[in-house]
Amino acid sequence: LEKFATNCCNSASAQDLDMAADHADKESAMQSIKEYCFEEDGFTDTFNEWSAQNAHNIDLTMDFTENKLEYTEMHREFTALFEKRLEKRVIAEGLTVDEFYDWLKADLEEDAGSNNAFVVDLL
């Protein structure tokens, strides 16, 4: 029984260490992704260019209680571009897109005010 208890404790400790290392890796990846989104010129340049190319389509004199149909397509295009760039970075950080979103969801369920909420805000 003592040997069993020792093995269980050792296994639990190894699992705890693995979980802590996994969490640290994901935190590091998330920090890198944040920096990419907010600080890397290549990322922001993509959206500045998109905005410059599409600004002429926005009617600033229009009553914004209802949007033009073409705005829906522009939003889809922008979102697809954003997601493609974000997914590329997520994969570069060694995560799958599903892992990233699952981890993000769990993190936000644990703490709705998490620093990682920026992704949800951006999307």
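Atoms considered below: every heavy atom in the structure, side chains included; atoms not considered: hydrogens, waters and symmetry mates.
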* **Spacing of Phe78 atom CZ and Glu83 atom CD [to the nearest 0.5 Å]** => 10.5 Å
* Check the pair Ile33 / Leu86 against side-chain contact (heavy atoms from CB on, under 4.5 Å), numbers first and verdict last. => CA-CA 8 Å; Ile33 292 165; Leu86 181 63; 3.6 Å; yes
* hydrophobic_cluster_shared for Leu60 and Leu69, side chain cutoff 4.5 Å -> no
* Residue pair Asp59 / Tyr71, side-chain heavy-atom distance below 4.5 Å -> yes
* Structure fact -> Heavy-atom nearest pair, Glu99 first then Gly94, reads OE1-O, 4.2 Å
* To do: Look up atom CG in Asp102 and atom CG in Leu95, then write down how far apart they are to the nearest 0.5 Å.
  => 11.0 Å
* Asked: At what distance, to the nearest 0.5 angstrom, does CE of Met74 lie from NZ of Lys68?
  -> 9.5 Å
* Would you give the length of the straight line joining atom CG of Asn57 to atom CD of Glu73, rounded to the nearest 0.5 angstrom? => 11.0 Å
* Which is it for Tyr36 and Val90 under the side-chain contact (heavy atoms from CB on, under 4.5 Å) test, yes or no, and what are the steps along the way? -> CA-CA 10 Å; Tyr36 174 71; Val90 166; over 6 Å; no
Show me, pair by pair, the donor-acceptor contacts under 3.5 angstrom made by side chains of residues 42-50, not counting sequence neighbours?
residue: Thr44; atom: OG1; partner: Asp41; partner atom: O; Å: 3.2
residue: Thr46; atom: OG1; partner: Gly42; partner atom: O; Å: 2.9
residue: Thr46; atom: OG1; partner: Arg85; partner atom: NH1; Å: 2.3
residue: Asn48; atom: ND2; partner: Thr44; partner atom: O; Å: 3.4
residue: Trp50; atom: NE1; partner: Glu77; partner atom: OE2; Å: 2.7

* Show the numbers, then the answer: is there a side-chain contact (heavy atoms from CB on, under 4.5 Å) between Asp25 and Glu93? => CA-CA 9 Å; Asp25 289 345; Glu93 290 297 326; over 6 Å; no
* **Residue Glu110 excluded, over 12 heavy atoms near CD under 6.0 Å** => no
* Asked: Does a side chain donor of either Glu35 or Gln31 reach within less than 3.5 Å of an acceptor in the other side chain?
  -> yes
* Heavy-atom side-chain contact between Met30 and Asp107 under 4.5 Å -> no
* Salt-bridge present (Glu87, Lys84; N to O < 4.0 Å) -> no
